[in-house]
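This structure is a prediction, so every number in the text was calculated from the model and none was measured.
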Amino acid sequence: MREMTHRAAFGKAIDVALRRADKDWEPEVGRLMDLMQDYMGGVKLDVDYDRAKEMICDKEGTLNRYIRRLLTEVDPHVLRTTALNLGFETFFHGTKTIRRMREVHHCNVPWLILMDPTSACNLHCTGCWAAEYGNRLNLTFEEMDGLICQGKELGIYFYMFTGGEPLVRHRDIIRLCEKHDDCAFLAYTNGTLVDEAFCGEMRRVGNLYLAISLEGTPEVNDLRRGEGVYGKVMHAMELLKENGLIFGTSICYTSKNIETVTSEEFVDLMVEKGCRYALYFHYMPVGNEAALELLPTVEQRIYMKQRVREIRNMTTGKGLFTMDFQNDGEFVGGCIAGGRNYFHINANGDAEPCVFIHYSGANIRTHTLLEILKQPLFMAYRDNQPFNENHLRPCPMLENPEILERMVRETGAKSTDLQSPESAEHLCGKCHEYAKSWGEAADRIWQQEPHRKSSYENYKSGKKGN
């Protein structure tokens, strides 16, 4: 009952802010912050409420401009649903519930689950991990629905889709959004299947967002994804913006495109097209045919760490929220995989600790969600996290390959690649040289530069920092 009362209060405050979108809306957003602070009282969160409200009220600052654009450019129903589902249910109510469930069940309980509705795709991009699975695997609607129902009992209200190309299954994705209208959903997509009809469906349900793959200039992007794809992506973004929808980009950075995808021109383009976020992913040498020359150099990775933070600065930046899942470890306490904050289910139903770590000992067709979270490989993740006290070296594969190799060996986890299985020894063997060179630089940076200490780190009880 208390949760429903708080959700209703959030809804009323959001409605007032939306009515004042073209006027003096800052006080109303400030009241939302007050409601959040009251609801989350006693819960450890790294949020400076007073500083946040100060930035919101600074009409010359980036955060003020960012919120102003949301209020004036995004469809009101989409914005209201996002504030309730992604804000209240996922961030607030979900966080409180998940933390309690971790104590009850003595295992990792994630904040979100990533799943592949299908391995099928209409493109054949170079270096895509999905190509390792084949293209005829699918999760049924009932399997995905059942997983979400189990997840909500644990406090999980955020679900992401990848593939393959998840929009091949757009009808089932929309059905899930309809049925679970208290959840937030995000699909990683190549963007080529976005049309006016699909935008109408997204606007109707209000709780589905997209992260569109983009690799830089038309020439660089189409070299990897196929001729004409860049133009289709630009058209998809125009449709999404015209329909007042929330979307951003998903960017794999490599040694070949790292400067392009962080350039002023590229950032300006994303903001102009209506992107609200840019999710940067470090190239991972997954698969027997991985191209090691695409791994960024030490110098490039140092540049990337600083550049992403410059772009997302909500005081002086351009108004694009960015994340770098390899260099932002200090903000999430290191590796988030293995169910600590997320895990991955492939199109065959195999539960993998990470979208890049293709080993498993459980499947959603034979195990419940709780059984999956307690499978030996996931418990090994929990026992070993953080994999490095230096959160610039978070990953058990890329930066600490000896740990992943040991965990797979000790737990008996099997490769989930049905076409070309790769042993953990082979995968990790490709990372040792990179781990050594980056480790030396990362340790120097970690010692010399100030870094953030989280108040809640979600490690196994009794471990340092918990």
Run the salt-bridge test on Arg393 and Glu330 with the 4.0 Å N-O cut-off and return the result as yes or no. no

Hey, does the side chain of His170 reach the backbone of Leu167 with a donor-acceptor pair shorter than 3.5 angstrom? yes

Got a donor-acceptor contact below 3.5 angstrom from the Tyr459 side chain to the Tyr456 backbone? no

If I compare all heavy atoms of Lys44 with all of Ser455, which pair ends up nearest, and what's the gap? CD-O, 3.4 Å

With the side chain counted from C-beta on, respond yes when Arg301 and Tyr434 share a heavy-atom pair under 4.5 Å apart, and no when they do not. yes

Exercise: identify the closest heavy-atom pair between Leu63 and Ala52: CD2-O, 4.2 Å

Looking at Arg204 and Glu201, does any basic side-chain N land under 4.0 Å from a carboxylate oxygen? yes

Just to verify, what does Arg452 make a salt bridge (Lys or Arg N to Asp or Glu O under 4.0 Å) with, not counting sequence neighbours? Asp46

Given 3.5 Å as the limit, does a donor-acceptor pair link the side chain of Asp116 with the main chain of Ser119, or not? no

Between Asn390 (side chain only) and Ala442 (backbone N and O only), is there a donor and an acceptor less than 3.5 Å apart? yes

Note: Arg312-Asp328 ion pair, threshold 4.0 Å (strictly below): yes

Set out, in order, the CA-CA distance, both residues' side-chain angles and the distance that settles side-chain contact (heavy atoms from CB on, under 4.5 Å) for Ile14 and Leu84, then state yes or no. CA-CA 9 Å; Ile14 293 162; Leu84 286 172; 4.0 Å; yes

State plainly whether the residues Arg65 and Glu60 are in salt-bridge range, i.e. N to O under 4.0 Å. no

Hey, is the main chain of Phe266 close enough, under 3.5 Å, to the side chain of Ser263 for a donor-acceptor pair? yes

Checking salt bridge (charged side-chain N to carboxylate O under 4.0 Å, His left out) for the pair Arg169/Glu165: CA distance, chi angles, key distance, verdict? CA-CA 8 Å; Arg169 298 282 303 283; Glu165 169 49 52; over 6 Å; no

Heavy atoms, side chains only, cut-off 4.5 Å: are Pro353 and His344 in contact? no

Determine yes or no for a side-chain-to-main-chain donor-acceptor pair under 3.5 angstrom, with Tyr157 supplying the side chain and Ala184 the backbone. no

Tyr342 and Phe158 aromatic centres sub-6.0 Å: no

Over 12 non-hydrogen atoms of neighbours within 6.0 angstrom of NE2 in His432: yes

Check whether any side-chain heavy atom of Leu210 sits under 4.5 Å from a side-chain heavy atom of Val194, and report yes or no. yes

Side-chain donor or acceptor of Asn400 paired with backbone N/O of Ile403 under 3.5 Å: no

Strictly distance-based, threshold 3.5 Å: is any side-chain N or O of Thr262 a donor or acceptor partner for the main-chain N or O of Arg307? no

Check the angle between the aromatic planes of Phe10 and Phe92 and answer parallel, tilted or perpendicular using the 30° and 60° thresholds. tilted

Could you give the distance from SG (Cys183) to CD1 (Ile156), rounded to the nearest 0.5 Å? 9.5 Å

Evaluate side-chain contact (heavy atoms from CB on, under 4.5 Å) for Leu240 paired with Ile212, printing each intermediate quantity in order. CA-CA 11 Å; Leu240 292 162; Ile212 303 176; 3.7 Å; yes

Report the C-alpha separation of Met237 and Met270 in whole Å, then their side-chain angles, then the decisive distance to 0.1 Å, and conclude whether the side-chain contact (heavy atoms from CB on, under 4.5 Å) test is met. CA-CA 9 Å; Met237 288 183 174; Met270 286 190 284; 5.5 Å; no

Is the positively charged end of Lys241 above the ring of Phe247, judged by distance under 6.0 angstrom from the centroid and angle within 45° of the axis? no

On a heavy-atom basis, the closest approach of Glu215 and Val261 is O-CG1, 3.3 Å

First locate atom CZ of Arg276, then atom OG1 of Thr82, and finally report the distance between them rounded to the nearest 0.5 Å. 11.0 Å

More than 12 heavy atoms of other residues, nucleotides or ligands under 6.0 Å from CD of Glu449: yes or no? yes

Under 4.5 Å between any side-chain heavy atoms of Leu320 and Cys275, yes or no? yes

Report yes if the distance between the aromatic ring centroids of Trp111 and Phe91 is under 6.0 Å, otherwise no. yes

Phe325 ring center near His282 ring center (under 6.0 Å): no

Taking all non-hydrogen atoms of both residues into account, name the closest pair between Ala351 and Phe378 and its distance. O-CE1, 3.9 Å

Side chain to side chain contact (heavy atoms under 4.5 Å, CB included) with Phe198: of Leu239, Ile173, Leu208, only one passes, and it is Leu208

Under a 3.5 Å distance rule, please check whether Asn384 uses its side chain to pair with a backbone N or O of Phe387 as donor and acceptor. no

Are Ile148 and Phe185 close enough that some pair of their side-chain heavy atoms sits under 4.5 Å apart? yes

Are the side chains of Arg203 and Leu245 in touch, meaning some heavy atoms are under 4.5 Å apart? yes

Quick one: does Thr162's side chain have a donor or acceptor within less than 3.5 Å of a partner on Tyr188's backbone? no

Nearest heavy atoms of Leu404 and Pro396, plus distance in Å: CB-O, 3.0 Å

Audit row: Tyr209, Tyr277, ring-ring contact (aromatic ring centres under 6.0 Å, His included) steps and yes/no: CA-CA 11 Å; Tyr209 324 109; Tyr277 43 83; 7.8 Å; no

Listed by chain and number, what are the salt bridge (Lys or Arg N to Asp or Glu O under 4.0 Å) partners of Arg444, not counting sequence neighbours? none

Is it true that Arg7 and Glu89 have a side-chain N and a carboxylate O under 4.0 angstrom from each other? yes

So do Met40 and Lys96 actually touch side chain to side chain, heavy atoms under 4.5 Å? yes

Minimum heavy-atom separation for Tyr359 and Glu422, please, with both atom names. OH-O, 2.7 Å

Check the pair Met202 / Asn207 against side-chain contact (heavy atoms from CB on, under 4.5 Å), numbers first and verdict last. CA-CA 7 Å; Met202 285 183 64; Asn207 57 344; over 6 Å; no

Carboxylate-amine/guanidinium proximity below 4.0 Å for Lys59 and Glu26: yes

Atom pair OH/CG of Tyr49 and Asp38 - distance to nearest 0.5 Å: 9.5 Å

Would you say Arg99 and Asn458 make side-chain contact, with heavy atoms under 4.5 Å? no

Could you pull out all residues at least two apart from Asp182 that satisfy salt bridge (Lys or Arg N to Asp or Glu O under 4.0 Å)? Lys152

Does this structure show an ion pair linking Lys436 with Glu440, if we count only N-O contacts that are shorter than 4.0 Å? yes

Please round to the nearest 0.5 Å and tell me the distance separating atom CG of Leu279 and atom CZ of Phe321. 8.5 Å

What's the separation between atom OH in Tyr280 and atom OH in Tyr253, rounded to the nearest 0.5 Å? 10.0 Å

In this structure, OG1 of Thr118 is separated from CZ of Phe161 (nearest 0.5 Å) by 12.5 Å

Determine whether more than 12 heavy atoms belonging to other residues, nucleotides or ligands lie under 6.0 Å from atom CD of Glu238. yes

Salt-bridge present (Glu272, Lys318; N to O < 4.0 Å): no

